[in-house]
Protein chains: 2
Amino acid sequence: MLVEDPGTDHIISWNDQGTAFVVWRPAEFARDLLPTLFKHSNFSSFVRQLNTYGFRKAASGRWEFHNDMFRRGETGLLCEIHRRKAWSSKLSTAPSKTQSPESDEDHGSSSTSSSSSYSNLCDENKKLKRENGVLCMELASTKKRCKELFDLVALYSNSESVEDQRPKLFGVRLELPQEKKRKDEFSDNIRSLLSQSCK
Amino acid sequence: MLVEDPGTDHIISWNDQGTAFVVWRPAEFARDLLPTLFKHSNFSSFVRQLNTYGFRKAASGRWEFHNDMFRRGETGLLCEIHRRKAWSSKLSTAPSKTQSPESDEDHGSSSTSSSSSYSNLCDENKKLKRENGVLCMELASTKKRCKELFDLVALYSNSESVEDQRPKLFGVRLELPQEKKRKDEFSDNIRSLLSQSCK
DNA sequence: GGGAATATTCCC
DNA sequence: GGGAATATTCCC
């Protein structure tokens, strides 16, 4: 609205190509125009919001900001400008790079690319799907492995108590005290593990 | 400051006991006084902040708010009034649907991606990130569990071979053929499990 | 540019 | 009353 308004073009306007807006007079802009739209008159707070919504400063030596969805005449694109989410960097800390290379992939991009460009989003999407696939596979194999260990422990724990075949002397099974203690400890461990589900 | 100021006592003042403040005229308070201290003039936003800082509304049929650290004359207590932290609910989300049916999450959604809409892509992106986080957590807990089982098996396998204390007759350990076979199977299983990394 | 604390809004 | 999204501030 401000960028379009010819009355404020000496303060803020489109660049020549209509691909970005330029704040020609930051001081006047902050003092006179910001308070009409926001609860403050700080240029830096305005810039902070621009960044949050995917606008980037052009390296043009002036206050020029661009966003792929902000172009002269293309008002239909405006609805694609969204606030970057805050959760993007919160839980994604441990992407389990157990054996996947993905070395060069900039992990911070998840938060950066959010709203700026369509192709960035596509790239991130692809990467997420790849990562997702890797995680699914890794999880599946870990679960399988976990189940194997579990079954093994369960089997042994079971067979030991059921089919103990060790020789007896006159009907009494030969077993020394310290072995008994060790075996009981083992059984306790197994019992506690068995009490949880591992499937 | 406002509560103390005699000039505004008809709008806001201490209660009789000096244990709370009372907003006698919420409308005037919001319109005339709030903007002098805050970036808004909404009484409800003011109340929201009061709650965040531990003030509670008294059940007195008027806008009376109290806080143990807010008392007439006790200005030294004011520094004990702190903003409530937000962390209390953040990390407790832990979906960890280890055995839940995960019904609503359509895992096949990846195929839907052919839709070219930008906001669809954003939504999918969000979902992927969420899914990713859940997978990471589930993988971590499964790995932990796997390691526990692994250590248990390793421990037993170890102690069994090292300190077999069963009685011998003339230097030969008593052991029946089928037990030997079962134990070898067990050892083979353990060996193969040990050959993979489970950390 | 963006993380993080705090403020304001919106909603249950 | 408070959870949660968004805005503003502060700071690296």
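Below, each value reflects all heavy atoms present in this structure, side chains not excepted, and no hydrogens, waters or symmetry copies. Proteins get letters first, then strands, A, B, ... in listed order; numbering begins at 1 in each.
Listed pair A/N42 / D/dT9 meets the phosphate criterion, a side-chain N or O lying under 4.0 Å from OP1 or OP2. Phosphate contact (OP1/OP2 of D/dT6, side-chain N/O of A/R84, threshold under 4.0 Å): absent.
Shown here for A/F70 and A/V3, the closest heavy-atom pair between the two residues is CZ-CG2, 4.1 Å.
A heavy atom lying under 4.0 Å from DNA chain C marks the following residues of residues 48-56 of chain B, by number: B/R48, B/Q49, B/Y53. Annotation: proximity of residues 25-39 of chain B to DNA chain C (heavy atom, distance under 4.0 Å) is found for B/F38, B/K39, numbered in ascending order.
When atom types are taken as modelled, the side chain of B/N15 and the backbone of B/G18 share a donor-acceptor pair closer than 3.5 angstrom. When atom types are taken as modelled, the side chain of B/T8 and the backbone of B/L2 share a donor-acceptor pair closer than 3.5 angstrom. A donor-acceptor distance shorter than 3.5 angstrom exists from the side chain of A/R56 to the backbone of A/N51, with no hydrogens or angles considered.
In this structure, B/H40 atom NE2 and D/dT6 atom C1' are separated by 15 Å, rounded to whole Å. When rounded to the nearest whole Å, the span between NZ of A/K57 and P of C/dG2 equals 14 Å. The distance between atom CZ of A/F43 and atom P of D/dT8, rounded to the nearest whole Å, is 15 Å. Atom CZ in A/F46 sits about 17 Å away from atom C1' in C/dG2, given to the nearest Å. Rounded to a whole Å, the NE2 atom of B/H82 is 14 Å from the P atom of C/dA7. The CD-P distance, from B/E64 to D/dG1, rounds to 12 Å in whole Å.
Note: B/F29 and B/W24 fail the aromatic proximity criterion, with ring centroids not under 6.0 Å apart.
To the nearest 0.5 Å, atom CE of residue B/M1 and atom CD1 of residue B/I12 are 10.5 Å apart. Between atom CZ of residue A/F46 and atom CG of residue A/L33 there is a gap of 9.5 Å, rounded to the nearest 0.5 Å.
For the residue pair A/R48/A/S44, the side-chain donor-acceptor check at 3.5 Å is not satisfied.
For B/F38, the ring pair (Phe, Tyr, Trp, His ring centres under 6.0 Å) test picks out B/H40, with sequence neighbours left out.
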